[in-house]
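Worth saying up front: this structure is predicted, and the values here are computed from it rather than measured. Values below: every heavy atom of this structure, side chains too, minus hydrogens, waters and symmetry copies. Letters A, B, ... are given to chains in the order of the sequence lines, protein chains preceding strands, and every chain is numbered from 1.
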Amino acid sequence: MSNVYDPTAIEARWQARWEAERTFAAPNPDGPGFDASRPKYYVLDMFPYPSGSGLHVGHAVGYIGTDIVARKKRMEGCNVLHPMGWDAFGLPAEQYAIQTGVHPSASTATNTANFRRQLKRIGLSYDWSREVNTSEPSYFRWTQWIFKRLHAQGLAYQAEVPVWWCEELKTVLANEEVINGRSERGNYPCVRRPLRQWMLKITAYAERLLADLDGLDWPESIKIQQREWIGKSEGAEVEFAVEGGAEKLVVFTTRPDTLWGATFMVVAPEHKLLARASASQRAAVDAYVASAASKSELERTELAKDKTGVFSGLYAHNPAFDAGDPRGRIPIWVADYVLISYGTGAIMAVPGHDERDCAFARKFGLEVREVVRPPQGERGLSEGVCFTGDGTAVSSGPIDGLATSAAKAKAIELLCARGVGVARTTYKLRDWLFSRQRYWGEPFPLVHLADGSTVAVDDDALPIELPPMDDFKPSSDGSAPLARASAWLRTTHRGASARRDTDTMPGWAGSCWYWLRFMDPHNASEPWSKAAERYWGPVDLYVGGAAHAVMHLLYARFWHKVLFDLGLVHTKEPFQKLFNQGLITAFAYQDKSGRLVASDEVETRGNEFVRTSSGEPLEQIVTKMAKSLKNVVNPDDVIAEYGADTLRLYESFMGPLADSKPWNPRDITGCARFVERAWKLIVDPDGRDPVRPQFRVDQGERALEGDTLELERALHRAIARIDDSFKAFNFNTSIAALMTFVNEAYKRQSALSRSQAERFVLSLAPFAPHLAEELWSRLGYAQSLAHVAWPKVRPEFLEDDTVEIVVQVAGKLRGRVSVAKTASQAEIEAAARPSVASWVEGKELAKVVLVPGRLINFIVK
RNA sequence: GGGGAAGUGGCGGAACCGGCAGACGCAGCGGACUUAAAAUCCGCAGCCCACAAGGCGUGAGGGUUCGAGUCCCUCCUUCCCCA
């Protein structure tokens with residue numbers, strides 16, 4: 001047996017053993033080996049989209065974090081569910097197929113194999129028997145099955161919604177494929193055009209999605225973002241009669257108290273009322289509508305931008321005034337700062353008390369009326385300032401003199417009484433556009449019948465698989481590629497001929513329930529068993545990037561709540577605790593023109609960075625790791641050079657898991673040295689025994705005194721710091737504590753006992769598992785340490801007999817004294833005085849502040 | 001435009017409830033070992049000042065306090081996300 005530390009051999013050996021012995025397999029309640037006496041712990045990573053470029057060290061940092069948690073929880077006696085899988089449907093694979101001809105299922109298989117290999121090399125303790133892949137029929141069968149339930153609940157419907165259409169490319173484009181109204185590919189003009197799409201009625205769950213956030217152990221920042229996104233606002237819906245027609249213009253306002261100040265109305269360019277625009281304004285309105293169609297919502301709502309708009313020639317009547325009162329006759333304009341998709345697509349404009357209305361009124365010379373007087377000391381309309389806060393109602397007839405909140409209530413009351421308004425709560429959240437005219441996604445489990453109806457297929461017809469195709473391009477008429485799979489398209493439903501729906505679900509679909517499938521991944525008769533869900537749910541810890549703060553987490557919560565209502569899950573929320581890992585950034589290099597230079601073409605000369613080939617000076621910048629920035633670090637390379645344990649330690653040692661932090665290859669050596677030192681603490685590299693003689697079993701334990709007692713204290717301090725680091729996931733302090741212990745142990749090598757060596761190895765295990773397993777086995781244990789009890793901290797070893805007290809005079813550090821832990825204030829004062837005599841001399845002592853165990857402060861005048 | 005996070009040595013970071021700022025590591029310097037170098041081991045190390053004494057120090061400015069990296073106000077900068 002060689003006693004030289006050889007990470008390549010050690011890591012391969014332990015990874016093979018873990019796999020062969022199914023060390024991390026988590027039995028379900030009905031499975032063999034299940035121990036009901038242990039508490040459960042479900043720790044989940046946001047599963048990756050298996051991209052062609054593979055995993056980089058930035059992805060790995062979160063996985064290493066959850067692995068550390070999973071491993072410690074196992075040692076603490078929990079049944080740990082720690083699975084991994086693939087979010088494998090999506091646009092990139094399809095785009096790649098269009099470019100290269102490689103079928104998405106083929107590239108997905110290649111990519112997942114590569115990801116799996118990379119993750120295994122890092123030594124992550126996943127239960128690989130639970131691996132799932134959202135693009136496999138055995139998985140998406142159940143995605144379709146759940147969609148059927150949503151459909152049956154009336155939560156899925158079809159609607160005409162505006163989507164980006166590129167005439168040049170003859171295709172529908174996703175939001176992210178359109179930049180400034182032009183296609184990302186080819187830079188062709190795009191317009192928003194209504195197309196029939198599947199929608200999910202997430203708005204029906206808005207209130208619960210908002211309210212249930214309160215009970216979750218999530219970062220406050222994420223909760224804020226979700227609340228913001230849901231955007232609850234309370235106000236009133238008000239009807240305005242339109243002159244010369246029977247239909248009403250309905251608007252929503254959060255400020256019904258300002259109704260008396262509504263001097264005009266604005267409708268969105270898509271509003272159907274515009275069909276009635278007056279003959280004289282017809283041409284202007286049509287031209288305006290056409291130009292608005294090419295703008296994104298961002299451009300349209302940009303506050304800084306100049307407001308644009310056109311008068312429609314129509315007038316409405318403000319219901320605050322009696323019929324015939326000239327103050328109630330107000331013009332209707334069309335402007336693109338009003339969005340058809342938000343609210344009713346029309347607003348009452350109160351230029352005195354709304355910034356955007358004010359800007360619009362000033363530009364087009366419309367009337368501005370003050371109806372809210374600001375509180376004392378604040379500037380209002382009379383000072384030329386648009387006041388949008390709360391104040392007192394004025395020039396508003398029946399609500400004059402009321403404070404804003406009372407004025408709102410009274411205004412709603414009046415509107416209700418007259419039958420022209422009603423109290424109303426609205427949400428910014430909109431229904432979820434759930435269909436794509438693309439190939440690589442879940443087909444809808446729906447068929448269209450000859451009578452024009454659309455029905456769900458029977459459960460036993462699931463899964464609806466994708467037809468094999470070679471050409472995935474969207475069709476020139478905007479229809480999906482599946483519409484060309486004519487054989488696939490024609491089917492029967494309960495004997496009648498039927499036509500399949502040709503849309504596919506969006507990339508988010510598969511990730512809306514995967515944590516449930518992990519609980520029971522091979523169930524062929526249901527998506528998961530009740531027993532499995534009741535045992536494992538909810539996820540105890542969910543870790544992923546803050547990038548998914550809103551979309552994924554909101555969609556996933558929505559599906560979970562629907563499943564809860566159907567009695568399919570027993571918790572209202574899927575993820576009890578959420579944690580966001582920070583971004584790993586990296587150095588990138590730019591030449592004078594700002595062009596990026598790949599890191600491997602750069603060398604360091606003193607403090608300068610130059611291009612190796614030309615010697616041209618370069619600037620070092622720090623940015624996120626991305627292929628396009630040529631600064632991606634592949635974990636395979638780090639493992640090849642240092643081993644997986646060093647990689648894991650460095651990723652953890654860089655800083656708190658939540659922080660964004662720069663990858664610096666120079667720093668890795670510190671962790672590599674630590675691993676080597678830890679090894680040599682237990683193993684004599686020049687010897688022949690598996691461990692140093694002092695750790696042999698027959699050597700017996702030594703008494704806890706002298707250096708051995710000091711080491712005992714050092715060990716307890718280290719383990720206490722490690723335990724503490726799991727609260728905030730700042731494992732950097734764990735590693736520092738382990739390093740400190742090793743440094744202490746080197747100074748007192750001969751005093752280190754076998755028991756201490758064992759506990760050190762166990763405390764190292766979550767962070768550097770291969771090294772720990774190897775040392776554990778050398779210490780004579782045949783079994784893996786994965787389920788061995790985590791060492792306990794005993795408080796009596798955390799304190800010394802004496803404490804060092806800092807002595808301050810007037811808050812400034814002037815000395816320090818060592819006193820017994822049990823010393824009284826008088827004793828400490830007496831001990832401290834001599835060390836600061838010269839500072840206190842001749843001055844009047846005003847006060848003495850004592851912080852027990854820490855400091856004493858003499859306040860002098 | 002909206003939202004979020006963060007500013008501490010040359011670098012990554014530490015500092016629990018307001019109590020020794022800079023743990024641990026990198027880079028640096030010195031020593032031991034070595035024919036020599038590397039590796040390893042042991043030390044030193046915030047800045048100013050010739051040293052000491054002392055002073056100054058947590059993005060900037062102000063406040064609260066015996067005492068502020070930490071709490072409160074104003075401002076600046078950087079990063080991330082959404083539309």
Side-chain angles (χ1 to χ4, degrees), chain A residues 175-176 219-229 231 296-305 337 339 341-342 355-356 428 430 545-551 554 580 582-585 587 604 607 620-624 649-656 658-674 676-677 680 685 717-718 720-721 724-725 727-728 730 732-743 746-747 749 803-817 838-839 845-861:
Chain A
N175 265 331
E176 57 271 24
E220 202 51 38
S221 64
I222 301 288
K223 290 192 189 181
I224 289 168
Q225 286 180 66
Q226 292 226 344
R227 286 192 194 108
E228 191 72 27
W229 187 264
S296 69
E297 292 195 355
L298 168 66
E299 295 171 276
R300 288 173 48 166
T301 51
E302 191 109 320
L303 236 142
K305 290 250 170 72
Y337 75 92
L339 304 176
S341 49
Y342 184 56
E355 295 281 0
R356 285 173 311 175
K428 209 152 53 178
R430 291 174 232 173
H548 301 105
V550 176
M551 306 284 237
L554 203 62
N580 296 122
L583 213 65
I584 299 291
T585 53
F587 298 125
T604 316
N607 293 325
Q620 187 183 54
I621 57 169
V622 172
T623 61
K624 73 173 169 186
L649 286 167
Y650 176 59
E651 294 231 21
S652 313
F653 188 57
M654 291 171 75
D659 289 9
S660 122
K661 43 208 179 271
W663 183 268
N664 191 345
R666 209 174 59 178
D667 290 344
I668 302 171
T669 53
C671 291
R673 278 181 202 145
F674 166 70
E676 189 86 32
R677 276 164 73 81
K680 286 194 288 197
R717 278 197 298 270
R721 286 182 68 188
D724 195 56
S725 73
K727 289 184 197 131
N730 49 346
N732 52 326
T733 63
S734 291
I735 316 292
L738 287 164
M739 288 173 168
T740 305
F741 177 76
V742 168
N743 291 346
Y746 260 66
K747 286 178 204 156
Q749 268 211 45
V803 287
E804 194 176 55
I805 300 283
V806 167
V807 187
Q808 294 185 339
V809 178
K812 288 207 182 290
L813 175 69
R814 297 301 182 195
R816 49 194 85 203
V817 289
S838 63
W839 293 97
L845 190 63
K847 191 174 162 189
V848 178
V849 178
L850 179 79
V851 182
R854 284 193 184 274
L855 118 178
I856 186 161
N857 189 3
F858 295 98
I859 319 298
V860 292
K861 280 193 186 147

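- Remark: the separation of the C1' atoms in B:U65 and B:U70 is 13 Å, to the nearest Å.
- Where pairing requires Watson-Crick or G-U contacts shorter than 3.5 Å, the helical stems of RNA chain B with at least three consecutive pairs are B:1-7 with B:76-82, B:10-12 with B:24-26, B:28-32 with B:40-44, B:46-48 with B:54-56, B:59-63 with B:71-75.
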Per-nucleotide protein contact string for nucleotides 37-42 of chain B (B base, S sugar-phosphate only, - none; heavy atom under 4.0 Å): ---SSS
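- In textbook terms, a nucleotide whose glycosidic angle is within 90° of 0 is syn, while B:G7, being further out, is anti.
- Rounded to whole Å, the separation between the P atoms of B:A39 and B:G30 comes to 15 Å.
- By the side-chain hydrogen bond (donor to acceptor under 3.5 Å, both in side chains) test, A:Arg677 is found to be paired with A:Asn743, residues two or more places apart in sequence or in another chain being considered.
- Distance noted for atom P between B:C24 and B:G57: 26 Å (whole Å).
- With contacts defined as side-chain heavy-atom distances shorter than 4.5 Å, the pair A:Met551/A:Trp229 qualifies.
- Between B:A52 and B:C41, the two P atoms lie 30 Å apart (nearest whole Å).
- Residue A:Thr585 is out of contact with every strand shown, counting any heavy-atom pair closer than 4.0 Å.
- Sorted by first and then second residue, the side chain to side chain donor-acceptor pair (under 3.5 Å) pairs with a member in residues 663-672 of chain A form an empty list; sequence neighbours excluded.
- A donor-acceptor pair under 3.5 Å is absent between the side-chain atoms of A:Lys661 and the main chain of A:Glu651, judged by distance alone.
- With RNA chain B read from its 5' end, the first of the two nearest nucleotides for A:Leu583 and A:Met739 is the one closest to A:Met739.
- Using P as the reference atom, B:C72 and B:G7 are 15 Å apart when rounded to the nearest Å.
- Separation of the P atoms belonging to B:A38 and B:C56 is 42 Å when rounded to the nearest angstrom.
- Pairing each heavy atom of A:Arg721 with each of A:Ala736, the nearest pair is NH2-CB, 4.3 Å.
- Base orientation at B:C48 is anti, since its O4'-C1' glycosidic dihedral falls outside 90° of 0.
- Residues passing the salt bridge (charged side-chain N to carboxylate O under 4.0 Å, His left out) test with A:Arg227, sequence neighbours excluded: A:Asp214, A:Glu220.
- Residue A:Arg814 is classed as a sugar-phosphate contact, given heavy-atom separations below 4.0 Å to backbone atoms only.
- Every residue was checked against the salt bridge (charged side-chain N to carboxylate O under 4.0 Å, His left out) condition with A:Lys847, not counting sequence neighbours, and none meets it.
- Not counting sequence neighbours, A:Ser652 has no partner by the side-chain hydrogen bond (donor to acceptor under 3.5 Å, both in side chains) test.
- Legend: residues meeting side-chain hydrogen bond (donor to acceptor under 3.5 Å, both in side chains) with A:Glu676, ordered by chain and number and at least two apart, are absent.
- Atom name C1', nucleotides B:C71 and B:C81: the rounded distance is 29 Å, in whole Å.
- Partners of A:Phe858 under the ring-ring contact (aromatic ring centres under 6.0 Å, His included) rule, at least two apart in sequence or in another chain, do not exist in this structure.
- Under the side-chain hydrogen bond (donor to acceptor under 3.5 Å, both in side chains) criterion, A:Ser725 pairs with A:Ser734, not counting sequence neighbours.
- Rounded to a whole angstrom, the distance from the P atom of B:C33 to that of B:G28 is 22 Å.
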Atom pairs, N/O to N/O, protein against nucleotides 66-68 of chain B, distance under 3.5 Å?
from, atom 1, to, atom 2, distance (Å)
B:C66, O2, A:Asn857, ND2, 2.7

Heavy-atom protein contacts under 4.0 Å, nucleotides 5-18 of chain B, coded B base, S sugar-phosphate only, - none: S----B-BSS----
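- Minimum heavy-atom separation, A:Pro662 to A:Thr585: CA-OG1, 3.1 Å.
- Contact record, A:Asn732 with A:Phe653: CB-O, 3.5 Å, taken as the closest heavy-atom pair.
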